[in-house]
Amino acid sequence: MQIETITTQPYNDQNPGTSGLRKKVKVFQQQGYLENFVQSIFDSLEDFTGKALVLGGDGRYFNRLALQTIIKIAAANGFGELIIGQGGLLSTPAASHIIRKYQAFGGLILSASHNPGGPDEDFGIKYNVSNGGPASETYTDAFYQRSLVIDSYKTAQMDDIDLDCIGSQQIEGLKITVIDSVTDYAELMQSIFDFNLLKQSISSGYITLLFDAMSAITGPYAKRILVDMLGASSDALINAEPLEDFGGHHPDPNLAHAHELAERMFSANAPTLGAASDGDGDRNMITGSQIFVTPSDSLAIMAANAHLIPAYAKGLNGVARSMPTSQAVDRVAAYYNIPCYETPTGWKFFGNLLDAGKITLCGEESFGTGSDHVREKDGLWAVLFWLNLIAVKRQSVVDIVHEHWQKFGRDIYCRHDYEAIETPIANGIVEHLRSQLSTLPKQCFGEYIVKFADEFSYEDSVDGSVSKNQGIRIGFENGSRIVFRLSGTGTVGATLRIYLERFEADSALHDQEAQVVLNDLIILAEQLCEVKKRTGRTEPNIIT
Ligand code: VG1
Ligand code: CO
């Protein structure tokens, strides 16, 4: 194998965001752009010679081409084995599992997750470490610093690898193994949930199901697990063929983007459970007949009922949620007297807590839930969790949610996204908010009295690392909150996310529309951040 060293010029924009480096495909196609970033990652890692690297992606446009390039760079840098999902496909949670199961040194996941795909859309790369989880900021900062000064990359002269043919081949010191993308993950799911009970419940017709793979990676996983293993009929799956452009849609599971699913779940004779996942299979949306389960509630309900699932029968060590996620899970943790951690947005902040055994379950308001079974959020796992709950409790989704609210109260919640704001305007909004933080406490806005106003900073209780500027929080005496932060996954301008929540203990008031209950907070949020005034917009792009 001949190794070439190619001279290159650094790019100045390879700073990974909330979850890896995401850019337009056209940006990644610039000369040396992909190569620089991959070599910057390898240059920042130590002692991997002869070790295994897992490779796979969500199948979006550029996935296969990028993989062939990466394979040659990894070969030239001295990895001993490359474990690749068939067709270059691995869902993010499956990649996490495979890194752990085969004790690989790490993995590269090619995905821009919920962002659209295609020649004019988005691509992304993320490095995961040996625990299977996304690299922490210490790593991603090092990758970025290296990318600013890189002047060459290494590549091996070898033919393209046949990504479709399962099996191993040895090319001198390098073993290249193409594995089935689904088998290991399916076995893991079988070890967590009661597959016999699920099979019975589905084949008897007690549970009916509708799963929307959004033309993204979970199609093959859902077919194998839900249809082949659990006996759901094949028309329980929609958009189950992965497409390079996701059929021109956003593979983002929410009521706006998964509208066919939403329509069917709110029609007569809707199935028991309706669910969707995103581009790379780590997100989940849960709905029941006539009900949408807010992700923050879903996390809380899963935590409250985890002992009913075989793998969590002994209870939970603790739970964690990202800062903007509602406080619903905090109430469950308090009830069970287990710790509850508040982390910055992004799964990389849960890794240490999971590794240390401090938490078993964690989640984010952005349709992400997961547990210590992998080190990523996991879409199909969440669907199976809900299926298992319904089967054990023999209750509908509506009843499970209402019963939960009765017991714990309801954290009425929503998020407003203003997408693709011009970056200077978005930075101005954040500056404007910052300038008010010191004077906000004790101010009174109708029934809302400000208890605290700050910029969230997180100290990792395991390694002591500190992450600053993780969003602006305004908390009120009655427990309500408004949170503002800029997205770290977008590729055009800046996206402002506004998170709003208000607690309601009285069950007579639980069945209200969130937008109505939160209206005063929505008005107050605008008064504080002036997004409409400064952008001329009249409403958010997306409300979830
Ligand atoms: C968003 C979500 C965050 C999630 C991240 C990656 O980040 O808010 O909770 O972890 O996407 O999810 P941001 O910075 O845009 O708010 V995925 O499924 O796109 O990998
Ligand atoms: Co995702």
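Each ligand, and each atom within it, is numbered from 1 in the order the structure gives.
- Every atom of ligand 1 with a heavy atom of Gly488 under 4.0 Å away is listed here by number and element: 13 (P), 14 (O), 15 (O).
- Checking His114, Lys377, Arg497, Lys126 against atom 12 (O) of ligand 1, the nearest heavy atom belongs to Lys377.
- Residues Asp282 and Thr92 share a closest heavy-atom pair of OD2-CG2, 4.0 Å.
- The number of protein N/O/S atoms found under 2.8 Å from the Co ion (ligand 2) is 4.
- In this structure, Met323 falls outside the shell of residues with a heavy atom less than 4.0 angstrom from ligand 1.
- Residue contact annotation: Arg22 has a non-hydrogen atom under 4.0 Å from ligand 1.
- Every residue meeting the side-chain contact (heavy atoms from CB on, under 4.5 Å) condition with Glu513, not counting sequence neighbours, appears here in chain and number order: Gln515, Val516.
- Distances shorter than 4.0 angstrom do not occur between any heavy atom of Ser322 and any atom of ligand 1.
- Residue contacts with ligand 1 include Arg485, since one or more of its heavy atoms lies under 4.0 Å from the ligand.
- Cation-pi geometry between Arg331 and Phe503 is met: the NZ or CZ atom falls under 6.0 Å from the ring centre, inside 45° of the normal.
- Under 4.0 Å from ligand 1, the heavy atoms of Thr345 that appear belong solely to its side chain.
- Glu364 OE1, 2.7 Å is the protein heavy atom nearest to atom 10 (O) of ligand 1.
- Two residues are said to be in side-chain contact when any heavy atoms from C-beta on lie closer than 4.5 Å; Leu163 and Ile71 meet this criterion.
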